[in-house]
Amino acid sequence: MANKGQKKGQDDGLNDQMRVRRDKMQALRDKGIDPYGHRFDRTDTTAQLHEKYGEMSKEQLEKEHVEVAIAGRMMTKRGKGKVGFADLQDRDGRIQIYVRKDVVGDDNYLIFKKADIGDILGIHGDVMMTDTGELTVRASHVTFLTKALRPLPDKYHGLTNVEQKYRQRYLDLISNPDSMDRFKKRTQIVSAVRSYLDGNGFLEVETPVLHTSAGGASARPFITHSNALDIDLYLRIALELHLKRLIVGGMERVYEIGRVFRNEGIDTKHNPEFTELETYAAYWDLSDVMTETEELFRSVSNKVLGTGKITYQGQDVDLDKPFAREHMVDAIKRVTGIDFWTPMSTEDAKKLADEKGVHYEDFWQTGHIINAFFEQFVEPTLKQPTFIYGHPIEISPLAKKDPKDPRFVQRFELFIDGNEYGNAFTELNDPIDQRERFEAQAKEREEGNDEAHGIDEDYVEALEYGLPPTGGLGIGIDRMVMLLTDAPSIRDVLLFPTMRPEKKLSEDEL
RNA sequence: GGGUUGUUAGCUCAGCUGGCAGAGCAACGGACUCUUAAUCCGUGGGUCCGGGGUUCGAUCCCCCGACAACCCA
């Protein structure tokens with residue numbers, strides 16, 4: 001699609017509009033005007049003008065005669081012979097400009113007259129109010145800053161072609177203010193997350209993206225190669241194991257917001273690379289992390305949106321109220337009537353799964369099946385923020401056992417509107433237990449689970465020096481942004497989502 | 001992995017039962033000194049996603065492929 005414009009039209013590969021714009025660019029050069037100009041001093045952004053002068057009267061503005069300089073992309077244009085109006089757009093919004101031939105002069109007016117929608121202009125002028133009450137900059141001089149050689153998307157409908165929005169995000173940002181707003185909010189959300197954690201004694205750190213073994217989560221990694229070391233390396237699938245090494249090292253409270261990579265399916269909730277937040281705090285347990293998680297969502301929402309009461313895809317969600325807390329086994333019992341507190345063999349559990357139509361793999365044990373029951377029957381019903389805790393040990397190789405019932409671990413996940421938003425545990429700090437969990441994972445891998453963890457000897461060695469009791473948390477930042485900006489797809493909160501390249505035929509394919 | 005839908009001018013979209021490819025915006029020429037999806041008159045612009053097939057004739061029907069969106073596992 002991106003190449004479409006280059007292939008159509010005449011022999012030069014240009015369509016009529018592109019040809020006209022190139023001609024206009026040359027015409028500017030011929031007049032001694034650089035179509036790709038230089039620095040331009042702005043006095044205000046469009047938003048600042050609306051803020052400062054939007055409430056003033058026509059007469060007041062006329063009297064004060066405020067001289068300003070603004071710059072932006074011309075989005076619309078309304079000519080009227082010897083006078084013209086246009087809307088200039090900058091990062092924060094738009095403002096109308098008013099250009100009169102008798103004010104700017106014949107030559108300068110011609111520059112405005114010949115300028116195309118999409119060109120970037122600088123305007124010196126004074127602030128006025130039109131008869132219809134629109135705040136406007138009356139130009140005293142038009143400075144040409146950048147020629148756009150391609151036409152912009154439809155000025156009224158914007159860019160709606162989803163594929164093109166993702167592949168050419170800049171066009172989406174230019175023509176769809178909602179999209180621009182969402183990405184600004186994303187920045188504010190990440191900033192608010194940092195602000196909360198920085199204010200609670202956490203140290204932001206950076207750990208390696210290239211790992212010698214991919215651990216900390218269940219996922220297939222991307223593999224790459226180091227020429228210098230002549231070894232294969234894995235792009236990280238989680239931040240966990242390095243951050244906990246830093247807790248061993250005495251940093252006590254650390255967090256990282258970083259890109260992780262999982263070589264798995266792509267859909268509305270998954271992109272191969274995404275941004276994860278993980279935090280670790282020494283001497284905390286699960287209840288501390290629940291408090292942290294709750295405060296984090298609440299404070300970020302209130303800081304960025306000014307409220308904790310939000311709507312996600314039609315579902316009202318209240319982040320201000322205390323989040324519900326329920327044990328996974330209790331939740332399954334509440335919804336299905338099936339009681340997994342009763343000790344049962346793998347065979348018994350598989351029989352229950354057959355009866356209820358729950359799919360399972362050969363290598364699954366009771367814990368895997370409990371989790372499948374939860375995902376199938378309970379997860380979609382959790383609309384308001386709910387902590388589900390007490391996961392089966394089989395699916396949680398890095399969490400500390402529940403001292404009262406070693407079938408389960410001290411772990412929780414946060415669910416809102418049927419989706420998972422956070423995953424946390426009291427960290428397993430017993431190196432002997434950790435080695436056994438890794439060995440169980442290695443066995444699972446042999447039995448066909450290619451997402452199972454490998455044995456990370458170096459990490460076990462770190463634990464042998466002593467990891468203090470620690471509470472850890474992982475939150476998918478992209479999902480959080482989706483929730484707070486009411487985005488239906490993860491691609492709507494990623495500036496450049498992963499896309500398959502458009503097919504280009506190579507020589508040997510022809 | 002399976003299913004459904006989509007791909008037509010720079011953008012947004014029509015296109016009937018298979019019969020010369022259409023509109024709005026954008027562009028070009030002209031008129032217009034407070035317009036705002038400016039208006040009025042005129043003009044140009046197409047590899048109908050790609051490749052095969054059926055047919056006198058295919059944007060349309062059939063097959064294969066590309067990319068995307070949505071749903072399901």
Side-chain angles (χ1 to χ4, degrees), chain A residues 1-24 27 58 61-62 74-89 94-106 109 112-119 125 128-139 148-168 170-172 174-176 264-270 313 357-361 372 375-376 380 488-492 497-506 509-510:
Chain A
M1 288 227 117
N3 293 327
K4 213 157 60 169
Q6 292 168 351
K7 291 193 172 167
K8 293 184 177 169
Q10 298 176 5
D11 293 345
D12 55 7
L14 304 178
N15 66 37
D16 58 337
Q17 302 201 40
M18 292 163 72
R19 217 170 291 119
V20 164
R21 284 167 184 249
R22 275 167 172 73
D23 290 347
K24 287 179 176 176
K58 187 175 167 69
L61 281 167
E62 218 52 60
M74 189 167 76
M75 301 303 291
T76 65
K77 194 179 168 190
R78 299 171 286 281
K80 222 173 171 298
K82 299 184 177 65
V83 53
F85 293 86
D87 291 324
L88 236 56
Q89 174 170 288
R94 290 185 183 187
I95 197 158
Q96 177 168 265
I97 60 168
Y98 177 39
V99 187
R100 293 175 62 102
K101 192 174 186 176
D102 58 6
V103 173
V104 300
D106 290 4
Y109 190 74
F112 170 75
K113 190 92 175 164
K114 288 286 177 188
D116 287 307
I117 290 176
D119 289 353
M128 59 168 275
M129 194 70 77
T130 63
D131 291 345
T132 50
E134 178 162 354
L135 193 70
T136 299
V137 174
R138 177 168 36 206
L149 293 179
R150 290 171 182 267
L152 288 186
D154 189 282
K155 71 175 178 186
Y156 185 63
H157 298 93
L159 184 66
T160 62
N161 181 321
V162 281
E163 182 173 354
Q164 208 174 350
K165 281 168 64 134
Y166 298 153
R167 290 192 195 275
Q168 296 176 274
Y170 47 91
L171 292 179
D172 182 39
I174 290 169
S175 30
N176 299 321
E264 298 180 335
I266 300 180
D267 59 37
T268 49
K269 294 197 179 68
H270 299 86
Q313 301 297 295
V358 174
H359 174 82
Y360 55 84
E361 303 288 338
E375 287 183 357
Q376 190 165 330
S489 166
I490 193 170
R491 285 175 224 114
D492 296 323
T498 305
M499 302 285 280
R500 191 186 288 277
E502 291 162 289
K503 177 86 170 171
K504 290 191 184 71
L505 291 176
S506 61
E509 277 177 293
L510 294 170

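Keep in mind that the numbers below use all heavy atoms, side chains included, and drop hydrogens, waters and symmetry copies. All chains are named by letter (A, B, ...) in the order of the sequence lines, taking the proteins before the strands, and each is independently numbered beginning at 1. Everything numeric here is computed off the predicted structure, so don't read it as measured data.
- In this structure, Arg19(A) does not reach the A27(B) phosphate: none of its side-chain N or O atoms is under 4.0 Å from OP1 or OP2.
- For the pair Arg500(A) and C67(B), the criterion of a side-chain N or O lying under 4.0 Å from OP1 or OP2 is met.
- Between Thr160(A) and the phosphate of C13(B), there is a side-chain N or O to OP1/OP2 separation shorter than 4.0 Å.
- Annotated stems with RNA chain B as a participant read B:1-7 with B:66-72, B:10-13 with B:22-25, B:27-31 with B:39-43, B:49-53 with B:61-65, given as range with range, by first number; only runs of 3 or more Watson-Crick or G-U pairs under 3.5 Å qualify.
- Arg491(A) has a side-chain polar atom (N or O) that falls below the 4.0 Å cut-off from OP1 or OP2 of C70(B).
- OP1 or OP2 of C11(B) lies within a sub-4.0 Å distance of a side-chain N or O belonging to Gln164(A).
- As rounded to the nearest Å, C34(B) and U39(B) have C1' atoms that lie 14 Å from one another.
- How far OG1 of Thr136(A) is from CD1 of Ile97(A): 9.5 Å, rounded to the nearest 0.5 Å.
- For the P atom pair drawn from C67(B) and C25(B), the interatomic distance equals 36 Å after rounding to whole Å.
- Judged purely by atom type and a 3.5 angstrom limit, Tyr109(A) uses its side chain to pair as donor or acceptor with the backbone of Val83(A).
- Distance from the side chain of Thr130(A) is smallest for C34(B) among the nucleotides C34(B), G10(B), U33(B).
- The side chain of Ser489(A) approaches C70(B) more closely than any other nucleotide in the set C70(B), C28(B), A68(B).
- The residue Leu171(A) sits apart from the nucleic acid: no heavy atom pair falls under 4.0 Å.
- Taking 4.0 angstrom as the limit, Asn15(A) places none of its side-chain polar atoms (N or O) nearer than this to OP1 or OP2 of G45(B).
- In the interface, the side chain of Gln96(A) is paired with the base of U35(B) through a donor and an acceptor atom under 3.5 Å apart.
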Shorter than 3.5 Å, N or O on both sides, protein versus nucleotides 71-73 of chain B: list them out with atom names.
none

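- Regarding contacts with the backbone of U39(B), every side-chain N or O of Lys80(A) stays at 4.0 angstrom or more from both OP1 and OP2.
- At least one side-chain nitrogen or oxygen of Lys114(A) sits closer than 4.0 Å to the OP1 or OP2 atom of G29(B).
- Side-chain proximity of Arg100(A) to the nucleotides A27(B), U33(B), U12(B) is greatest for U33(B).
- Within 4.0 Å of Asp87(A), counting heavy atoms only, lies no atom of the nucleic acid at all.
- A donor N or O paired with an acceptor N or O is found under 3.5 Å between the base of G24(B) and the side-chain atoms of Asp154(A).
- Here G10(B) is the nucleotide among U12(B), G10(B), C34(B) with the atom lying nearest to any side-chain atom of Pro151(A).
- Partners of Lys80(A) according to the side chain to side chain donor-acceptor pair (under 3.5 Å) rule, which considers only residues two or more places apart in sequence or in another chain, do not exist here.
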